[in-house]
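Computed over heavy atoms, backbone and side chain alike; hydrogens, waters and symmetry mates excluded. Every chain is numbered from 1, with letters handed out A, B, ... down the list of sequences. Just so you know, these numbers come straight off a predicted model, no measurement behind them.
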Amino acid sequence: MSRQSLPSCFKTGGLTQPNKTATAAAAAVFTGGKWNTQLRELSKKGQYNQALILYRQMLRSGATPNAFTFPFILKSSAALSLHLAGKQLHCHVIKGGCLLEPFVQTALISMYGKFCLLDNAHKVFDEIPDSARLTVCYNALISGLIQKRLSNALLLFREMRTKDVPLHSVTILGLVPGCTIPLHLNLGSALHCLVVKYGFISDLNVANCFLSMYARCGSIESAKRVFDEIPERTLITWNAMISGYAQNGLCTEVLDLFRDMQCSGVHPDEVTFVGVLSSCANLGAQRIGREVEEMMDHCEFGFNPYLKNSLISMYARCGNLVRARVIFDDMPEKTLVSWTTIIGGYGMHGQGEVAVELFDQMIWAGIRPDKAVFVCVLTACSHAGLTEKGLGYFYSMQEIYSLKPLSEHYSCVVDLLGRAGRLAEAMNLIEWMPVQPDGPVWGALLGACKIHKNVELAELAFNKVVELEPRNIGYYVLLSNIYTEAGNMEGALRIRRMMRERGLKKDPGYSYVEYKGKNHLFVAGDKRHPQSKEIYAMLEKLENLAKEGGENENHSQQRENSAVHSERLAIAFALLSTNSSNAEILVIKNLRICGDCHMFVKSVSKIVKCRFVVRDATRFHHFNGGSCSCNDYW
DNA sequence: GTAGGGTTAG
């Protein structure tokens, strides 16, 4: 290849041409094969940048790269996603006469695969004569194609089998990422059978890989079966199972497994902690989360920015926004995810003003917002009633940041307008939005109709949402309650009948409180707790006190059984178990808190000198001295 | 002396 045909950056910076008049000093340090040895070391340690720098020095010194040089250096540019450097290296390979070297060919295929330049990868492969296509070449190409061109990858796999190219465990490992969505679970299971038949399953890496594939497909029992059959579990095995449980929302299982892992003498790493912290966040298990933080402080991962973000999220979701903020403020380098997490945290707690302020600070810090952070800031605005501010952000998305709003963003804005009573504008937005409105968009409108008692629009929104999400029970309950509040008992009964006919059952509402490191779970009307008797007595006492205080006088429409809703039982239990009068009690609830219970907790917070924090399905409510942080705007 | 793969946050 001539010098003229090389990409322009070849001459300016980046990699330089082999230079015969190099400095003698550099050449004296590394001579001959020493270069390759050094490159191998750097590549092995993952110091890819250093490897590329060394390669440049090598060229300057006048040394010639050979078939041993290129695999390391191609891998380095692949790992760093340096497309231009990679293409230059391809030129060097051709120039150096190494294009027929199998190791180099494989490295090139792999590199182009990582760049997602799949045609280039295919081209290198196609130019290898049929008889010289080794297992590794196939493996490299399959791994490259698997995510974007699944059928193509499967064809190659079939070709390997018809042409009797020996399979290797890595061939299988390359195929599995194509099966990590539920749609392709059958393919994954078929591969699993094949793997068992060929004996590859005894390869620990293969087993780990199938374990995580099943977990990602939501087939958690199959994942656990693979896990149970692995005789020697490494850290990665434990991590795959812990992450699998975490991704499937099996949080108590995560914490149990974490304990088992420690008992078996395997030390956790940052991947483990991420899974465990996200489960603590879901469970609201702050005490355990704090223990995990202490463990992290005692090991080398304490400063890992991933983990800091997980910690921020955990504390925010456990109700401790103060601690979340301290960790955020202490982070030397805040990433977009850090900002998103803390903004989302303030939004969840109804502190929209702070969320908005942080968003602006983020922009000043030169961080470019993405779609996710916009979802957070829009939600924060809608929870705090910052309608104009929210609309401003929504418009800026497209106009300033060229981000096309997704359905998620539209549902935030419908919520924003709807809560503010601007139902006509919300409806107008839905009619004119360029993306197809999905369930949550109509759902947001339905929710707004409940707040503003608009039965007619509610019926329209309900018909739309039920078409899109016929099994989502929440929408039926919402319309039924809208009818009840409007005094339309017939309508309410009709919806209840519809639910019955469609075989839809209400999710049981449950709440729990953490006490002495253990979660105490309550469902509505629950009498299974060992202290059930005392709990109900306490509840009655609180009811009476609230009545005496005149707090409950507006309770003409007490919903069925709301007097024994799970959050009330949890609060009664917490009050029985707490000695200090100025305590903060956190209750986690799976559904949204109902209006009756909201009023009840407000009353109780006035009677007893405790602060109550209730995390419901959408947000936090901080009750103190008779009022709630949501200002009854939820 | 060389290649191909698996677990991670908002």
Specify the separation, in whole Å, of atom CZ of A:Phe210 and atom P of B:dT7. 13 Å
Between A:Phe328 and A:Trp339, is the ring-ring contact (aromatic ring centres under 6.0 Å, His included) condition met? List the steps. CA-CA 8 Å; A:Phe328 174 80; A:Trp339 288 96; 5.0 Å; yes
Mind calculating the distance between CH2 (A:Trp35) and C1' (B:dT2) to the nearest angstrom? 18 Å
Please name the residue in the list A:Ile73, A:Leu59, A:Thr64 that meets the side chain to side chain contact (heavy atoms under 4.5 Å, CB included) test with A:His92. A:Leu59
Candidates B:dT7, B:dA3, B:dG6 - which lies nearest the side chain of A:Cys209: B:dG6
In whole Å, what is the span from the CG atom of A:Asn66 to the P atom of B:dA3? 13 Å
For a quick check of understanding: with a heavy-atom distance under 4.0 Å over all strands, which category does A:Leu336 fall into, base, sugar-phosphate or nothing? base
How is A:Asn304 classified with respect to the nucleic acid when contacts are heavy atoms under 4.0 Å: base, sugar-phosphate, or nothing? nothing
For A:Leu39 and B:dG1, what is the distance between atoms CG and P respectively, to the nearest whole Å? 16 Å
From the candidates B:dT2, B:dG1, B:dG4, the one with an atom nearest any side-chain atom of A:Ser143 is B:dG4
Among pairs that include at least one residue of residues 340-368 of chain A, which meet ring-ring contact (aromatic ring centres under 6.0 Å, His included), considering only residues two or more places apart or in two chains? A:His349-A:Phe620, A:His349-A:His622, A:Phe359-A:Phe374, A:Phe359-A:Tyr393
What residues, two or more places apart in sequence or in another chain, satisfy ring pair (Phe, Tyr, Trp, His ring centres under 6.0 Å) together with A:His83? A:Phe115
Taking the six-membered ring of A:Phe227, is the NZ or CZ of A:Arg233 close enough (under 6.0 Å from the centre) and on axis enough (within 45°)? yes
Just compare B:dG4, B:dA9, B:dT2 and give me whichever is closest to any side-chain atom of A:Val136. B:dG4
Any sub-3.5 Å donor-acceptor pair from A:Arg615's side-chain atoms to A:Cys318's backbone N or O? no
Kindly confirm whether the side-chain ring of A:Phe68 is stacked on the base of B:dG1, judged by centres under 5.5 Å and planes under 30°. yes
Quick one: which of B:dA9, B:dG4, B:dT7 gets closest to the side chain of A:Tyr306? B:dA9
Within the 4.0 Å heavy-atom criterion, would you say A:Lys114 contacts the bases, only the backbone, or no part of the nucleic acid? sugar-phosphate
Decide whether a cation-pi geometry holds between A:Arg323 and A:Tyr315; the criteria are a distance under 6.0 Å from NZ or CZ to the six-membered ring centre and an angle within 45° of the ring axis. yes
Please confirm whether the shortest side-chain N or O distance from A:Gln247 to OP1 or OP2 of B:dT8 is below 4.0 Å. yes
Please pick, from B:dT8, B:dG4, B:dG1, the nucleotide with the shortest atom-to-atom distance to any side-chain atom of A:Arg40. B:dG1
Nucleic acid contacts of residues 104-111 of chain A, taken as heavy-atom distances under 4.0 Å to DNA chain B: A:Thr106, A:Ser110
Rounded interatomic separation in angstrom, taking CZ from A:Phe70 and C1' from B:dA3: 15 Å
The side chain of A:Val337 is closest to which nucleotide in this list: B:dT7, B:dA9, B:dG4? B:dA9
Return yes if the base of B:dG10 and the side-chain atoms of A:Thr340 contain a donor-acceptor N/O pair under 3.5 Å, otherwise no. yes
Base, sugar-phosphate, or nothing: which does A:Ala207 touch, judged by heavy atoms less than 4.0 Å apart? nothing
Does the side chain of A:Arg216 get closer than 4.0 angstrom to OP1 or OP2 of B:dT7 through an N or O atom? yes
Starting from the C-alpha separation in whole Å, work towards a yes-or-no answer on salt bridge (Lys or Arg N to Asp or Glu O under 4.0 Å) for A:Arg133 and A:Asp130. CA-CA 5 Å; A:Arg133 287 179 187 167; A:Asp130 217 12; 3.4 Å; yes
Please determine, for the side chain of A:Ser212, which listed nucleotide (B:dG10, B:dT7, B:dA3) has the closest atom? B:dT7
Rounded to whole Å, please give me the gap between CG in A:Asn208 and P in B:dG6. 12 Å
Counting only side-chain heavy atoms from C-beta out, which of B:dA9, B:dG1, B:dT7 sits nearest to A:Ile236? B:dT7
Starting at CZ of A:Phe72 and ending at C1' of B:dA3, how long is that distance when rounded to a whole Å? 10 Å
When rounded to whole Å, the CD to C1' distance for the pair A:Glu270 and B:dT8 reads 8 Å
Which residue in the set A:Glu293, A:Met314, A:Glu270 passes side chain to side chain contact (heavy atoms under 4.5 Å, CB included) when paired with A:Leu307? A:Glu270
